[in-house]
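One structure is given below, encoded as structure tokens.
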Number of protein chains: 2
Amino acid sequence: MLSNLCDTLGMTAGGLRARVRAEMTEEIKATARRHLATDGANLSLRAVARDMGMVSSALYRYFASRDDLLTALILDGYNALGAAAEAGDATVADRADLRGRWLATCHAVRTWALGTPAEYALLFGSPVPDYRAPQDTVAAASRTPTTLIRILKDGFDAGVITEPPADGVPADVRTDMARLRDRAVPDLPEVLLARGSMGWIQLFGAVSFELFGQLDNVVEAREAYFGYQMGQVATAIGIPE
Amino acid sequence: MLSNLCDTLGMTAGGLRARVRAEMTEEIKATARRHLATDGANLSLRAVARDMGMVSSALYRYFASRDDLLTALILDGYNALGAAAEAGDATVADRADLRGRWLATCHAVRTWALGTPAEYALLFGSPVPDYRAPQDTVAAASRTPTTLIRILKDGFDAGVITEPPADGVPADVRTDMARLRDRAVPDLPEVLLARGSMGWIQLFGAVSFELFGQLDNVVEAREAYFGYQMGQVATAIGIPE
DNA sequence: TCAGGGAAAGAGCAGTGCTCTCTAAGTAGA
DNA sequence: TCTACTTAGAGAGCACTGCTCTTTCCCTGA
């Protein structure tokens, strides 16, 4: 996207100008991320500019609008979360330990969310009014669920996870799952993918519930509750003990 | 809260003045709700006032701040959602049809959310920065989950739903669940409540996922997918077919 | 009838996103 | 090396925001 912008502005890639421009863009995003932590989604362009010792209008040389800046942050956020999930999965040395991998990935997602709640809210919270996420984000957004599904795939390939009976999976849902499967993880039964996607939703729900304050005055043992949930989900999906 | 305000302003309850004041308050909330639908959480006090043919400062006679107005809307929202859930549960004539009641309640929640997405986002979306939900809301907020848990309670009392084995429910989670149980549904095993709360979280996750756009370009058969999920959850909790 | 108090208006403050114009500075080509 | 061009940034300005303060109007209870 950045190189795209450079092209439209007629800059030669690799030039010194382009490099300082890229550094500047990164610095703006970094300060914006910092403001995001305190001000939430309604961060102020002017405040970001002030923090960098420049005037607000100067930011418009780098981001066409506030929404554009948010989009860049969202994209970075999806990638950061995806990387965290992948790293979590990778911590389990025994690749055949499916449950361990599942739980490690889930906990990694939660840890990332707790560490950067504002960014998580930006990704998964209430959408900003009249803001449409560009298509670029879908690839980055699918990194985390793909990490989860890949665990199922490994288990299925190894014959440890078996295809559950297609009890009551509606036909059109199977169609959706089949399309999704072909796009991301070929050769995985739709029914298994349907259960896997449910697990992803439960993970998202659990993290959002905790982060958005719905657990306040209700559940104190947050991490234990989370771990218990994810274990139950793993069992429901068919990941052996 | 309103009567509280009236008291502090020294108004006699039941007076004419108090009545027009209450009507005015309702009208403000109604217009605010209308604006909420288009502008999301960042609705404008001035716009609301303009819509009512008055000046912005006049609104401050009724709500001390924008946050106060939002709080009132949140409270109303929780109650509206709770009422919808209860009504959904009540549509099932055969009270012994636990699965039917569970699904009806879930679908009622989803329908309410799809009908008033902005209000749902206000309740369950990313929290507004430096806004603290007052204690008043917790009672209203618990109406919906209580409706769900009551179904489990009915099933447990009837001996249709049995207490699941406490396999791997951490001790501190049991403590949380016990406290929650004593507060809302006495005589329900903690383990069952733990599973029930998971169902509530999955319901919330599914609705939020759909409403916040995470299902875009992924799942088309929204209602079928939702119904499938809630059926699976019911089974996982132990609600018989 | 009349004082007290609540409702509304209006000006004003500090802040916002965004646009426009203008200047300074760097870059490439002859 | 000089020139034509592009870019970064500054600053003013527009329309908007939440909120406060003061002033005016009018209803109400005694």
Side-chain angles (χ1 to χ4, degrees), chain A residues 2-3 5-28 31-32 35-36 38-73 128-131, chain B residues 2-3 5-28 31-32 35-36 38-73 128-131:
Chain A
L2 180 64
S3 62
L5 183 60
C6 291
D7 286 355
T8 58
L9 292 178
M11 305 181 66
T12 49
L16 185 141
R17 204 115 187 206
R19 216 186 57 202
V20 309
R21 183 181 178 81
E23 282 172 8
M24 201 70 182
T25 309
E26 275 311 313
E27 194 180 333
I28 293 174
T31 28
H35 276 84
L36 209 60
T38 62
D39 301 340
N42 48 8
L43 65 86
S44 147
L45 263 183
R46 288 182 121 113
V48 171
R50 212 179 302 128
D51 229 42
M52 299 182 60
M54 54 198 305
V55 102
S56 73
S57 57
L59 285 193
Y60 286 83
R61 295 261 164 211
Y62 299 91
F63 295 96
S65 69
R66 207 190 78 114
D67 274 12
D68 262 39
L69 175 55
L70 281 182
T71 300
L73 292 179
V128 190
D130 47 69
Y131 167 82
Chain B
L2 179 62
S3 63
L5 184 59
C6 291
D7 286 354
T8 58
L9 291 178
M11 306 183 62
T12 50
L16 188 139
R17 205 110 186 215
R19 217 186 57 203
V20 308
R21 184 182 176 80
E23 283 172 8
M24 202 68 182
T25 309
E26 275 310 313
E27 195 181 331
I28 293 174
T31 21
H35 276 85
L36 207 62
T38 61
D39 300 342
N42 48 8
L43 66 84
S44 146
L45 263 184
R46 289 182 120 113
V48 170
R50 212 180 302 129
D51 228 40
M52 298 181 61
M54 54 198 307
V55 101
S56 73
S57 56
L59 286 192
Y60 286 83
R61 293 261 159 207
Y62 299 91
F63 295 95
S65 69
R66 206 190 80 114
D67 275 10
D68 261 39
L69 175 55
L70 281 182
T71 300
L73 292 179
V128 189
D130 48 68
Y131 166 82

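The sequence lines fix the lettering, A, B, ..., with proteins before strands; numbering per chain opens at 1.
Note on B:Ser65: only backbone sugar-phosphate atoms sit closer than 4.0 angstrom, heavy atoms only; bases stay farther off. Among the heavy atoms of the strands lying under 4.0 Å from B:Leu43 are primed sugar atoms or P, OP1, OP2 only; no base atom is included. Within the 4.0 angstrom heavy-atom criterion, no nucleotide atom of any strand lies near B:Leu59.
Side chain A:Ser57 to base D:dG9: no donor-acceptor pair is found below 3.5 Å. Side-chain atoms of A:Arg46 come within donor-acceptor range of the base of C:dG17, with a qualifying N/O pair under 3.5 Å.
Contact annotation: the side chain of B:Met24 approaches that of B:Met54 to within less than 4.5 Å [non-hydrogen atoms, C-beta and beyond]. Within the 4.5 Å cutoff, no side-chain heavy atoms of A:Asn42 are placed close to those of B:Asn42.
Here the P atom of nucleotide C:dT16 and the CG atom of A:Asp39 are 9 Å apart, to the nearest Å. Atom P of nucleotide C:dG10 and atom CE of B:Met54 are separated by 12 Å, given to the nearest angstrom. Here C:dG17 presents its P atom at 9 Å from CG of A:Asn42, a figure rounded to the nearest Å. The OH-C1' distance, from B:Tyr62 to C:dG6, rounds to 9 Å in whole Å. Distance CG (A:Asp67) to C1' (C:dC18): 12 Å, rounded to an integer number of Å. Between A:Arg19 atom CZ and C:dT27 atom P the separation is 11 Å, expressed in whole Å.
Nearest nucleotide to the side chain of B:Leu45, out of D:dG18, D:dA10, C:dA7: D:dG18. Comparing D:dG11, D:dG18, C:dT19 against the side chain of A:Tyr60 picks out C:dT19 as the nearest. Listed candidates were D:dG11, D:dC19, D:dA8. Nearest to the side chain of A:Arg61 is D:dA8. The side chain of A:Arg66 has C:dG17 as its nearest neighbour among C:dG6, C:dG17, D:dC19.
Judged by closest nucleotide on DNA chain C, A:Arg50 is the one of A:Ala64 and A:Arg50 placed further toward the 5' end.
For the pair B:Ser44 and D:dG18, the criterion of a side-chain N or O lying under 4.0 Å from OP1 or OP2 is met.
Residues passing the salt bridge (Lys or Arg N to Asp or Glu O under 4.0 Å) test with A:Glu26 are A:Lys29, sequence neighbours excluded.
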